[in-house]
Amino acid sequence: MILIFCAPSGSGKSTFVKHLLTCYNNFELSVSATSRPPRGTEQHGVEYYFLSAAEFRQLIADDKLIEYQEVYKDYFYGTLRSEIDRIQQNGHHVVFDVDVKGGLNLKKIFGGNALSVFIQPPSIEELRHRLEGRGTDSEDMIRQRLAKASVELQDAPFFDHIIVNDDLNTALAQLDELLKQYHLI
Ligand code: ADP
Ligand code: 5GP
């Protein structure tokens with residue numbers, strides 16, 4: 001089974017993924033390739049494979065990516081075919097943390113084998129508050145992320161499920177309920 005998490009940046013995708021990976025041992029995160037530089041404590045091969053723009057272009061040329069997007073100006077992100085193979089060989093469910101366009105593309109590819117979940121922030125103001133609180137992005141980057149968020153929120157109805165991440169414990173309980181419903185836990 002494929003689990004696709006999408007949400008405007010700062011809504012809590014990484015927090016949801018961390019919950020899944022620490023509480024259950026049958027899920028694995030598909031580690032994406034990106035041309036953006038590492039942020040905070042991020043490590044190559046853990047959160048992302050951090051590549052130069054030239055290395056990223058080579059992956060595209062070699063057809064190593066099942067999908068990719070220029071999510072922010074000059075920052076490319078893409079899903080490696082090899083990650084999906086690796087995780088499925090381990091007998092685990094594949095977890096994707098991708099942008100909204102990427103998520104909808106993956107849902108199209110995997111169809112009924114994929115469950116797409118949109119994590120919705122309570123408001124744009126709260127999103128700004130969380131991005132500022134995370135303390136990993138410049139003011140300009142936060143502005144770009146908020147501008148993109150307003151557009152991404154319009155695509156929420158195209159997902160299989162929407163979880164509003166207001167109170168974190170309530171939202172994680174809803175996620176667990178959903179996973180039970182699909183016999184994933
Ligand atoms: P994303 O991966 O979607 O960009 P993160 O998981 O990094 O978002 O969350 C952004 C920030 O908001 C982090 O500092 C995280 O700890 C915080 N956060 C996540 N969920 C909640 C919540 N329900 N209430 C308050 N803060 C939250
Ligand atoms: P961040 O810079 O906050 O880590 O990620 C920015 C956005 O890029 C997030 O919405 C994240 O989900 C998305 N993203 C991460 N990896 C991929 C990927 O492989 N493909 C696509 N389309 N988006 C991705």
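Count residues from 1 along the sequence. Whatever order the structure lists them in is the order used to number ligands and atoms, beginning at 1.
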When you measure from atom 20 (N) of ligand 2 to every protein heavy atom, which one gives the shortest distance, and what is it?
Glu67 OE2, 2.7 Å

Leu127 and Ser9 have their tightest heavy-atom pair at CD1-O, 3.5 Å

Which of the atoms in ligand 2, numbered in the order shown and given with their element, are less than 4.0 Å from a heavy-atom of Lys13?
9 (C), 10 (O), 11 (C), 12 (O)

Taking both backbone and side-chain atoms of Gly10, is any N or O found less than 3.5 Å from an N or O belonging to ligand 1?
yes

What salt bridge (Lys or Arg N to Asp or Glu O under 4.0 Å) pairs are there with at least one residue in residues 55-74, not counting sequence neighbours?
Asp63-Arg81

What do we get for Asp166 next to ligand 1 when only non-hydrogen atoms under 4.0 Å count, side chain, backbone, both or neither?
backbone

Honestly curious: do Val117 and Leu179 fall in one hydrophobic cluster under the side-chain, below-4.5 Å linking rule?
yes

When you look at Leu21 and Phe27, which way does the side chain to side chain contact (heavy atoms under 4.5 Å, CB included) test go after all the steps?
CA-CA 6 Å; Leu21 302 182; Phe27 295 93; 4.2 Å; yes

Below 6.0 angstrom between ring centroids: does that apply to Phe56 and Tyr77?
no

Minimum distance, heavy atoms only, to atom 14 (N) of ligand 2: which one of Leu65, Ile4, Val98 is it?
Val98

So which heavy atom in the protein is nearest atom 20 (N) of ligand 1, and how far is it from that ligand atom?
Asn165 ND2, 3.0 Å

Less than 6.0 Å separating the ring centroids of Tyr49 and His44?
yes

Residue part near ligand 2, for Tyr48, under 4.0 Å between non-hydrogen atoms
side chain

In ligand 2, the atoms that come under 4.0 Å of a heavy atom of Gln69 are 22 (N)

Using the side chain to side chain contact (heavy atoms under 4.5 Å, CB included) rule, take Val100 and Cys6 through it: C-alpha gap first, then chi angles, then the decisive distance, then the call.
CA-CA 5 Å; Val100 166; Cys6 293; 4.2 Å; yes

Check whether any heavy atom of Arg39 sits under 4.0 Å from an atom of ligand 2.
yes

Arg130 bridged to Glu125 by N-O distance under 4.0 Å:
no

Looking at non-hydrogen atoms alone, which of His19, Arg130, Arg134, His129 comes nearest to atom 21 (C) of ligand 1?
Arg130

Identify the protein heavy atom lying closest to atom 16 (N) of ligand 2, giving its residue, its atom name and the separation to 0.1 Å.
Ser32 OG, 3.1 Å

Ligand 2 to Asp97, heavy atom cutoff 4.0 Å, flagged ligand atoms 11 (C), 12 (O), 14 (N), 15 (C), 16 (N), 17 (C)

Please identify which atoms of ligand 2 are closer than 4.0 Å to at least one heavy atom of Arg36.
1 (P), 2 (O), 4 (O)

Of the side chain and backbone of Tyr75, name the one, both, or neither that has a heavy atom under 4.0 Å from an atom of ligand 2.
neither

Please confirm whether Ser9 comes under 4.0 Å of ligand 1, counting heavy atoms of the residue only.
yes

From Tyr77, Phe96, Phe5 - option closest to atom 17 (C) of ligand 2 by heavy atom:
Tyr77

Among protein heavy atoms, which sits nearest to atom 15 (C) of ligand 1, and what does the distance come to when rounded to 0.1 Å?
Thr15 OG1, 3.9 Å

Asn165 and Gln120: side chain donor to acceptor below 3.5 Å:
no

Please determine if Gly78 has a nitrogen or oxygen closer than 3.5 Å to a nitrogen or oxygen of ligand 2.
yes

Polar contact flag for Asp99 and ligand 2 (N/O pairs, less than 3.5 Å):
yes

Note: Val71, heavy atoms under 4.0 Å from ligand 2, region reported as side chain

Name the closest protein heavy atom to atom 8 (O) of ligand 1, giving the residue it belongs to and the distance to 0.1 Å.
Gly12 N, 3.2 Å

Determine whether any heavy atom of Ala171 lies closer than 4.0 Å to an atom of ligand 1.
no

Does ligand 2 have a heavy atom under 4.0 Å from the side chain of Arg145, from its backbone, from both, or from neither?
side chain

side-chain hydrogen bond (donor to acceptor under 3.5 Å, both in side chains) pairs, two or more places apart, involving residues 101-111:
Lys107-Asp160

Ignoring hydrogens and geometry, is there a side-chain-to-backbone donor-acceptor pair from Glu47 to Gln43 under 3.5 Å?
yes

Side chain, backbone, both or neither: which part of Glu47 comes within less than 4.0 Å of ligand 2 when only heavy atoms are counted?
neither

Heavy-atom pair of closest approach, residues Ile4 and Ala114:
CD1-CB, 3.9 Å

Numbered atoms of ligand 2 (with element) below 4.0 Å of Tyr72, judged on heavy atoms:
6 (C)

Is the closest side-chain donor-acceptor distance between Thr136 and Arg134 under 3.5 Å?
yes

Are His92 and Asn25 close enough that a side-chain donor and a side-chain acceptor fall under 3.5 Å?
no

Between Leu115 and Phe159, is there a side-chain heavy-atom distance shorter than 4.5 Å?
no

With atoms numbered from 1 as shown, which atoms in ligand 2 lie under 4.0 angstrom from a non-hydrogen atom of Gly102?
22 (N)

Protein heavy-atom partner closest to atom 2 (O) of ligand 1 - residue, atom, separation in Å:
Ser14 OG, 2.5 Å

Students should be able to answer this: which protein heavy-atom is nearest to atom 3 (O) of ligand 1, and at what distance?
Lys13 N, 2.8 Å

Give yes if a backbone or side-chain nitrogen or oxygen of Arg134 is under 3.5 Å from a nitrogen or oxygen of ligand 2, and no if not.
no

Is there a side chain to side chain contact (heavy atoms under 4.5 Å, CB included) between Phe16 and Leu172? Walk through the geometry before answering.
CA-CA 7 Å; Phe16 274 49; Leu172 291 179; 4.0 Å; yes

Using only heavy-atom distances, determine whether the side chains of Tyr182 and His93 contain a donor-acceptor pair under 3.5 Å.
no

